[in-house]
Structure formats: C-alpha cells, structure tokens
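See structure below.
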Amino acid sequence: MSISRRSFLKGLMVSSTAVLVGPGLLQVAEAAAAETKGTWKISGSHWGAFRARVYAGKVQEIKAFEADKYPTEMLNGIKGIIYSPSRIRYPMVRYEWYLNREKSDTTKRGDNRFIRVTWDEAISLFHAELERMQTQYGPWAIHAGSTGWRSTGQVHSCGNHMARAIAMHGYTVNKVGDYSTGAGQTIMPYVLGTTEVYAQGTSWPLILKNSKTIVLWGNDLVKNLQVGWNCETHESFEYLEQLKEKIANKEIRVISVDPVVTKTQDYLNSEQQYINPQTDVPFMLAIAHTLYKEELYDKKFIETYALGFEDFLPYLLGETKDKVEKTPEWAETICGIKADDIREFARSIVKERTQIMVGWSIQRQQHGEQPYWMAAVLATMLGQIGLPGGGISYAHHYSSVGVSSTGAAGPGGFPRNPDKPQNRIHKNQDFKGYSSTIPVARWIDCILEPGKKIQTNGATITLPDLKMMVFSGCNPWHHHQDRNNMKKAFHKLETVVSVDFTWTATCRFSDIVLPACTQWERNDLDLYGSYSARGIIAMQKLVDPLFQSKTDFEIFTLLARKLGQEKDYTRGKTEMQWVEELYSDCVESNKANFPMPDFKTFWKEGFVDFGKGKDWTRQADFREDPEINALGTPSGFIEIFSRKIDRYGYKECQGHPMWFEKSERSHGGPGSDKHPIWLQSCHPNKRLHSQMCDSQAFRETYTVQGREPIYINSDDAKKRNINDGDLVRVFNKRGQLLAGAVISDNFPTGVARIEEGAWYAPLDEKIGSLDTYGDPNTLTQDIPTSELAQATSANTCQVQYEKFQGQAPAVTAFSGPIEAS
Ligand SMILES: Nc1nc2c(c(=O)[nH]1)N[C@H]1C(S)=C(S)[C@@H](COP(=O)(O)OP(=O)(O)OC[C@H]3O[C@@H](n4cnc5c(=O)[nH]c(N)nc54)[C@H](O)[C@@H]3O)O[C@H]1N2
Ligand SMILES: Nc1nc2c(c(=O)[nH]1)N[C@H]1C(S)=C(S)[C@@H](COP(=O)(O)OP(=O)(O)OC[C@H]3O[C@@H](n4cnc5c(=O)[nH]c(N)nc54)[C@H](O)[C@@H]3O)O[C@H]1N2
Ligand SMILES: [Mo]
C-alpha cells in the first residue's frame, strides 16, 4: 500500500472517530440506561402473560410472567410485532380505487399502490360505502368477516367493535362455523351431543393416573399448546412433563397416529404409528372390523349407550353399499399399515384403559366429518367413554383443555350488538331470497357464484351476491384457501375495508386500510387460562399507539360518530372506564366463591389468581345414568347411525361413517401421478397463524434464504437434486411458490409441510404469479368437506416441487404498501 493511500486511510479513520466522539458517548450512556432503566408493566397475549420493561417510550425487554412455568419461545417475537417494518402507519386507500371508486379497475387490486389519507377522510369513505351498499343494494351485499384470532383483551375485542358499529348502520350477511373445526363442530352434535371440539376434557391428573395407553390421533400437543384463545397459562406442560416420565418408566404408552414424527413425539420420546395421509377412516374401519370379528368390543356398552350399531355393521362387513368388507387387508392397501399391525393395534387399545385424543387437522380435509364420527364409533366399541383416562377427546391440544376449570367467571366483553333496535339506521332486512347466514368457508363461492343453491347441515341456502367486505381481527389472505381463485373473486368486489395493525396480504387486496394499534398499546384485561379459568390478567398499555394507529375502540367510535351514535356506542364510557366496569362485573359474579381485590389493587398487582380447579371426567355423568344425563344428540344416546343425517340424503355424508376417496391424495391416490407430494399446512411452531410472521428478527430464526421453510423427506429431495437450504419452487395447477428446503426425516416420502400463516407475497397482482415467500394457501384447494359442514379442506392438497433455478426475486411481503401520489 502506498504511503499516500495509508495516510489517507488514517486520516479518514481519525476524522470519522472525531465525528463519532460526541454523540457516540451519549449513545453509549443511553444504551446503558435502556438496558436497565424504566418501568415494568404487565400484559398478556395468546402466547402467555409477560412483564415488559418500558423506557423512553419504548418496550426494551420482555420476560415471561413468573406464574408461567413453561413459557413459549414465541415471547421473543413480541417486540418485533410492535416494531415491525410492516406496521401500518397511516390510513391508506388503494390508488386506483381512490380515483374511480366502485368503477375502479379491480384487476389492479393487489398491485399494492396506495395513497395516504387523513383519518377523517378514511372514515368518511368507509361510511359512504356502507351507505351506498345499503341504499343501492341491501343487507345481502355486505359481509363483515371477523373470523379469526383477534388479539386478547376483552374491552378491545376488535370483532365485537366492528360488529357493533356496523350493526348500528344496518343488517349484513352473517356466518356460521370457523376454519379450525368446521367439520368437527358440525358432525359431533349428531354423534356425541356437543361440538366436542370446544368442550373441557378429562383432567390430566386422572389421565396420568388411569390411562395405560394414550392415542394421539393426528395431534401435536407440544406444538399447539404454546398458544391459547385467552391469555395462555401453559399449565398443561406440567402434565406433559409427568407424562414423559411415565413413558420412560413404561407406566403409560403413547402412540401418535400421524404421517409425521411430531414435536410431541420428539419431546415425549413416544411411539408413532405411521399412516398414509388422509386415510384414517380405512385404518379405523379395519380396527372396528378386527374388534368385531375377534369379539373384543364392548357389546354391553353399545347396548346401553349407543344406537345404530346394527345399521353400521352391514357396511363394515361389506354387505351393502360398496360391497367391500373393511378388513385389515383392504385397509392396508390404502392406509399403508400392514394388516397384522392393524390387528395388533386393535387388540392393544382394547386390552387396557385407553384415552384417544384426536387433533383437528384430520377434519380440515375433504370428508373431514368422517374420521371424527368413526373415531367416536371406535371409542364406543372400546366401551370406555365416561371412565377416567378412557374414552375420547377432541380438544386436549387446545387452550389448556384438560387443566381442570376453577369455575370462576371471567370478564365479559365489549357488547357485540347495538343496545336498542332504534340504533340501527337502516332497518331493511330484505335479503332478496339470499341466505342471511353462510357457512364461513364459502364466502369466496358467494362472490364467484351468487345465487347458487347449496346444501348445508340440513338446509338449502342461496349464496348472497356480496359486493363489500369488511375485515377486522382476521387475515383472510392467509386463512382462506386457493389464492388465485381469491384473486378472481376480488376482481368482482366493489369495496374491501380492512382494519389491522400490520400490512398483511389482506391489506394489499383491500381498498381502504385503517391502522389499528396492537394489544400492547392499549389498556385491557382478559381471562388467564381459557378452559382452566385460572385468573384475571391486566393488560397495561406498554406504549402509546405508534404512528397514526388507533385502538379498535377509537376507530369504530369514529364510525359511530358519523352515524350520530357515538354516545350509544361507547355508552359514554372511556377505555379505562370499560376496563374497570368489566372488572367490577366480574367481581360481582365471583362474589360468592372467589373473592377478588378492588380494581385499584388488581391494576397495581396485575393479576388475580383463582387457584386450581377440581379434577373432572368427561361424560362420567352420562355413563352413570344415560337417561337422566342424556347426551345432546337427537336420541340422547351416542349415534353410530344418525337418522337425521341419513334423511338429508347427502352423497358425501351419509347415515353412518364411511370411507370416501379424496379428490387428491398421495401414495397412489388420485392426482398423485402428476403431483406426488401431499402438502400438509399444519399450524406453525413459531407463529400464531400469520401473526408474528412480520416479527423480523424472530422470523429470521427459521427462514431459509429469507423464505418460509418447506419440510421435505431426504429421498424425495435426493430424487430432485435438492440440498438442505436450497430454494425450491412448489407448484400444482392452482399456483406456485418459492420456499426454502429443510430436509428432515421426520417427514416420510411423499409428504411435505409448509406451515400455515406464511405471508402471501405475490410477485404482482396477476393470476398465477409466483408467491415469493411461501404461503401454502397459494396451493391448497377451496372445496367443501361435504354437504353437511361445507367446511375448509385445506389438507386435501397435492403438489410437486423442484429445485429453483435462476435469480430469485425479492420477497414482497413485509415492507408495507407502495405509496402512490
Ligand atoms: N392451509 C391452511 N389454512 C388454514 C389453516 C390450516 O391448517 N391450513 N388453519 C385455519 C385455522 S384453524 C384458522 S383458526 C385460521 C386463522 O386465520 P386468522 O385468524 O385469520 O389468522 P391470524 O393470522 O391469526 O389473523 C389475525 C389477524 O388479525 C390481526 N389482529 C390481531 N389483533 C388485532 C386487533 O386487536 N385489532 C385488529 N384490527 N386486528 C388485529 C392480526 O394482525 C392478523 O392479521 O387459518 C385457517 N387457515
Ligand atoms: N404454535 C401454534 N399453536 C397453535 C396454533 C398456531 O397457529 N401455532 N393455532 C391454534 C389453532 S387456531 C388451532 S385450530 C389448532 C390446530 O390444531 P390441529 O389442527 O390439531 O393442528 P395441526 O398442527 O394442523 O395438525 C396436527 C397434526 O395432525 C397431523 N395430520 C395432518 N393430517 C393428517 C392425517 O390425514 N392423518 C393423521 N393421522 N394425521 C394428520 C399433522 O401431521 C400434525 O402432526 O392449533 C392451535 N395451536
Ligand atoms: Mo384454528
């Protein structure tokens, strides 16, 4: 290096150091203060409660709430949600829509070009569109969807805010069901008398004491119990830890019936019964066949507690309908489990006390009603329903079900409906022959095929001609299936409004976007422990709403003000007065059994603990006396055969559980010649659906070359010349995406996983364009489970993948809108 160059560099270093000295020292001092100083506050979330240190108006540090002994690592993603580059800063309006309103070029929807408007203008536009819909069309044209995982906090429950304000304006199309358990919650009332999926289950201590075998049927507890509907306590993990010990001591056997080695299996060090995807019903039928042929089943239990076994038997034995006997040999060719192993499995679960725990994924597939019904038939044949540690549950992986309930009352919510009928400005209830309620997963069908008649749960309905959608607290451009089909539907919509705090793909495809703040920028309270009702948690505002965001309460108060109903909307109370009122009502309800401190004390302490509940056995009362404690089914008994469903005359859900081939299936099933890989889109290990995907540093702990991982089998990878860490293009006839390969032999050949909730990141707005980040719903199909539930079938999905060649396009998901001017 020449002298002159060296001295030049030296000079540069000196001068730059000189520039840095002043503010540098200050920064060091500030950084040191930020590391220790500030105020500790408490808040909650679906991920659990935590304490946050706030200094200089910023959340500096988050640590798990001390009562939470098993906090999820997702707490590390929370700061990144608040300070995400994807945060919505201002009210935004789609540029093309701003210029041309309902005459806008809707094929441009999704080009992500928006302009910034004032709050005043945004609310005026929103209001004007509602008004135009009600006057030009009618209540049938508007759907205000709030199906989703809105944040915790009962005062700001955003779905309620939207529902109340919009109802003050007029009537709109409603929905039934949800994406979680659409098929399950519809079929189970016919079979066991309740939804089962949202029911408290037998307490873990009783299971640990009495079960000899636990069958986890498509059920990943350790992954899915990280989050809860109310503020999660993670109390179930204490029992999972005990279960692990009992497995090690050979006191309990846990078998996971799953195509994939789950996180739970890894944690518990338990067994797996591999099964081909979507073939649980043949396996179950063959188990039933074995129990019947070997006379191992509980005849007495069936006689006393169930109806319709004799109507089901001819199908099982191949005497009717398809004339196929459901032998283990028959099942083997479909489910991939050796006939002898099926017999062995049947014998082992009937021998001693067996608790079956079914997950929800197997009903999120075509004919998802069937495995649920058939699992109940199996449990009935085992005859252990109502015994501690026996029988069947459909919910132990959800929101700490199985942690006994204290019985205490939780806080109520902000009211969803207007207080008085005269609050509704438009009283028109004429739906013009369209149905005023739709099965939740059929809203895209409404837009694409208005006027179409469909069957659902015993009724015939006519799909309404939706023209305007309003979304809050949900992300339909994550949760619904088949993105390119959605694009076609959105070309037909006139107006789409979204309220969110982060610029999701739903915002990208909207016309008006209103920035809400996060749950940590407002004061609130919630139940601690959804099913355990362990206590009440205070959600103290950590920081002021960022940028121009507002609380959902404020946003819909603004709309109510436009309607001249602000006072009726808020009942004249502020946010903090609502928090206090919900708390006081709760104190009143719990007065007799759970004395609670006054509000001031609660707010200061941040937590009320109701202690532990009493252990409880599901359906024990029914077992004790099936007449007095009849089930909620039409007959009061377990219905192996349902006359009611039989009478509906459906093709894909008949009078008893049956095996139906899927429209797409791997391992030799339909569609597997061209698209041999079954894509499962399970729930994410490090997200809550799409929530936290925008938490940048945390996302980078699992992405591959900045893309969502696709988990694949090593032989499948080798065949395609793919190495771990490569980019792959995943495709089928519905769409294509880029994802990053993670090779793991937890996944068998023919199976791949992309977790749901990966943000949709299209290259452009055109139909068929490449998704640059890896949303599995770019590939899934939008078909109903059956005429009964009309629920989502996300897990009936075949794909192909190949190594991605060439220059990978940048990810388009996370940097908000493109500001047009
Ligand atoms: N392929 C496939 N698809 C699936 C599934 C699957 O297994 N596979 N699972 C389905 C299931 S079970 C579910 S439950 C759905 C989940 O679908 P969603 O519940 O729609 O998913 P989330 O990502 O939780 O979306 C919640 C949205 O609400 C926003 N939000 C949160 N809190 C607030 C608030 O206080 N105010 C406002 N205004 N907005 C807020 C969040 O930022 C986020 O964008 O996905 C379904 N989709
Ligand atoms: N960490 C985390 N936890 C969550 C959520 C989240 O987003 N993140 N979401 C919550 C919500 S809203 C819901 S609805 C629940 C979802 O709960 P589930 O729907 O039960 O969960 P999944 O993870 O989709 O699937 C569970 C297991 O089913 C297996 N499986 C899939 N298809 C089949 C099949 O055909 N046969 C068999 N035998 N097994 C199969 C999968 O391999 C997986 O191990 O989770 C809740 N918990
Ligand atoms: Mo769900």
Side-chain angles (χ1 to χ4, degrees), residues 46-47 72 74 81 86 145-153 156-159 161-162 178-182 197 216-229 256-265 273-280 283 335 358-365 371 397-399 441 471-481 498-507 514-519 522 551-552 555 678-694 747 751 753-757 759 775-777 779-780 792 794-797:
H46 295 302
W47 298 278
T72 164
M74 280 187 268
I81 294 180
S86 312
S146 64
T147 288
W149 277 68
R150 52 101 178 146
S151 300
T152 55
H156 290 285
S157 174
C158 61
H161 282 284
M162 178 178 70
D178 56 42
Y179 284 75
S180 309
T181 65
V197 291
L216 298 178
W217 209 300
N219 199 346
D220 199 350
L221 307 165
V222 172
K223 171 168 73 64
N224 287 344
L225 286 167
Q226 294 178 90
V227 304
W229 178 248
S256 154
V257 180
D258 203 305
V260 166
V261 176
T262 62
K263 188 174 182 183
T264 306
Q265 187 188 334
Q273 174 55 65
Y274 166 82
I275 184 166
N276 284 341
Q278 302 192 86
T279 64
D280 299 277
F283 181 36
C335 71
V358 190
W360 292 349
S361 213
I362 61 166
Q363 53 88 60
R364 227 177 284 115
Q365 58 176 240
H397 61 291
Y398 181 62
S399 294
F471 302 113
S472 181
C474 62
N475 184 4
W477 282 79
H478 130 62
H479 73 223
H480 196 70
Q481 286 56 62
S498 322
V499 189
D500 207 314
F501 52 80
T502 187
W503 195 267
T504 61
T506 300
C507 298
L514 305 176
C517 63
T518 68
Q519 60 196 318
R522 57 199 194 198
T551 67
D552 292 279
I555 293 171
W678 176 62
L679 181 72
Q680 57 164 213
S681 42
C682 286
H683 286 233
N685 184 36
K686 288 196 180 191
R687 278 195 302 263
L688 170 59
H689 314 297
S690 74
Q691 297 189 57
M692 207 169 262
C693 198
D694 53 347
F747 295 83
V751 170
R753 174 182 298 186
I754 303 180
E755 292 175 338
E756 57 109 335
W759 278 29
D775 168 8
N777 282 322
L779 303 163
T780 52
T792 177
N795 283 317
T796 300
C797 179

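Numbering of ligands and ligand atoms starts at 1, following listing order. Just so you know, these numbers come straight off a predicted model, no measurement behind them.
- Distances below 4.0 Å separate heavy atoms of Phe501 from the following atoms of ligand 1: 30 (N), 31 (C), 32 (N), 33 (C), 40 (C), 42 (O).
- Residue Lys686 places no heavy atom under 4.0 Å from ligand 2.
- At least one heavy atom of Trp678 sits under 4.0 Å from some atom of ligand 2.
- Each of the atoms 1 (N) of ligand 2 lies under 4.0 Å from some heavy atom of Gln226.
- Ligand 2 has no N or O atom lying under 3.5 Å from any N or O atom of Ser180, backbone or side chain.
- Taking atom 2 (C) of ligand 2 as the reference point, the nearest protein heavy-atom neighbour is Pro684 O, 3.1 Å.
- Considering backbone and side-chain atoms together, Thr504 places no N or O closer than 3.5 Å to any N or O of ligand 1.
- Looking only at heavy atoms of the protein, atom 20 (O) of ligand 2 is closest to Trp360 N, 2.8 Å.
- In the vicinity of Ile275, heavy-atom distances shorter than 4.0 Å reach the ligand 2 atoms 38 (N).
- Here the protein heavy atom with the shortest distance to atom 47 (N) of ligand 2 is Asn224 O, 2.9 Å.
- Gly473 counts as a contact of ligand 1, since one of its heavy atoms falls under 4.0 Å from the ligand.
- Summary of contacts: the protein heavy atom closest to atom 6 (C) of ligand 1 is Ser681 O, 3.4 Å.
- Interface of Thr502 with ligand 1, defined as ligand atoms under 4.0 Å from a residue heavy atom, comprises 42 (O).
- Contacts with ligand 2 closer than 4.0 Å are made by side-chain heavy atoms of Asp280 only, the backbone lying farther away.
- Of the protein's non-hydrogen atoms, the one nearest atom 17 (O) of ligand 1 is His479 CB, 3.1 Å.
- Nearest to atom 42 (O) of ligand 2 among the protein's heavy atoms is Asp258 OD1, 2.7 Å.
- Near Gln680, the atoms of ligand 2 lying under 4.0 angstrom from a non-hydrogen atom of the residue are 31 (C), 41 (C), 42 (O).
- Each of the following atoms of ligand 1 lies closer than 4.0 Å to a heavy atom of Asn777: 1 (N), 2 (C), 3 (N).
- Ring geometry for Trp360 versus Tyr398: interplanar angle of 30 to 60°, hence tilted.
- Counting the atoms of ligand 2 from 1 in the order shown, those under 4.0 Å from a heavy atom of Gln278 are 34 (C), 35 (O).
- Inclusion of Gly218 in the set of residues having an N or O under 3.5 Å from an N or O of ligand 2 is warranted.
- When the heavy atoms of Arg364, His683, Gln365 are ranked by distance to atom 19 (O) of ligand 2, first place goes to Arg364.
- Using a non-hydrogen distance threshold of 4.0 Å, His480 does not register as a contact of ligand 1.
- Aromatic pair Trp477/Trp759: ring centres not closer than 6.0 Å.
- Close approach of ligand 2 to Pro259 is summarised as follows: ligand atoms under 4.0 Å from at least one heavy atom of the residue are 37 (C), 39 (N), 40 (C).
- Between Gln680 atom CD and Gln278 atom CD the span is 10.5 Å, to the nearest 0.5 Å.
- In the vicinity of Thr262, heavy-atom distances shorter than 4.0 Å reach the ligand 2 atoms 44 (O).
- Heavy-atom contacts of Val227 reach the following atoms of ligand 2: 3 (N), 4 (C), 5 (C), 47 (N) (cutoff under 4.0 Å).
- Between Phe283 and Trp217, the angle of the ring planes lies from 30° to 60°, which puts this pair in the tilted group.
- Of the protein's heavy atoms, Ser361 OG, 3.5 Å lies nearest to atom 31 (C) of ligand 2.
- Residue contacts with ligand 2, taken as heavy atom pairs separated by less than 4.0 Å, involve Ile362 solely via side-chain atoms from C-beta onward.
- Using a 4.0 Å heavy-atom cutoff, Tyr179 is absent from the residues neighbouring ligand 2.
- In summary, the atoms of ligand 1 found under 4.0 Å from a heavy atom of Ala516, numbered by their order in the structure, are 38 (N).
- For Asn795, the heavy-atom gap to ligand 2 stays at 4.0 angstrom or more.
- Annotation: Cys517 places no N or O atom under 3.5 Å from an N or O atom of ligand 1; distance criterion only.
- Less than 4.0 angstrom separates some heavy atom of Arg522 from each of these atoms of ligand 1: 35 (O).
- Note on ligand 2: Gln691 sits outside its first shell, no heavy atom being nearer than 4.0 Å.
- Residue Trp149 has at least one heavy-atom neighbour below 4.0 Å for each of these atoms of ligand 2: 12 (S).
- Atoms of ligand 1 found under 4.0 Å from any heavy atom of Ser472, numbered from 1 in the order shown, are 38 (N).
- Looking at atom 36 (N) of ligand 1, its nearest protein heavy atom turns out to be Asp552 OD2, 2.9 Å.
- Listed by atom number, the atoms of ligand 1 under 4.0 Å from Ala794 heavy atoms are 1 (N), 2 (C), 8 (N).
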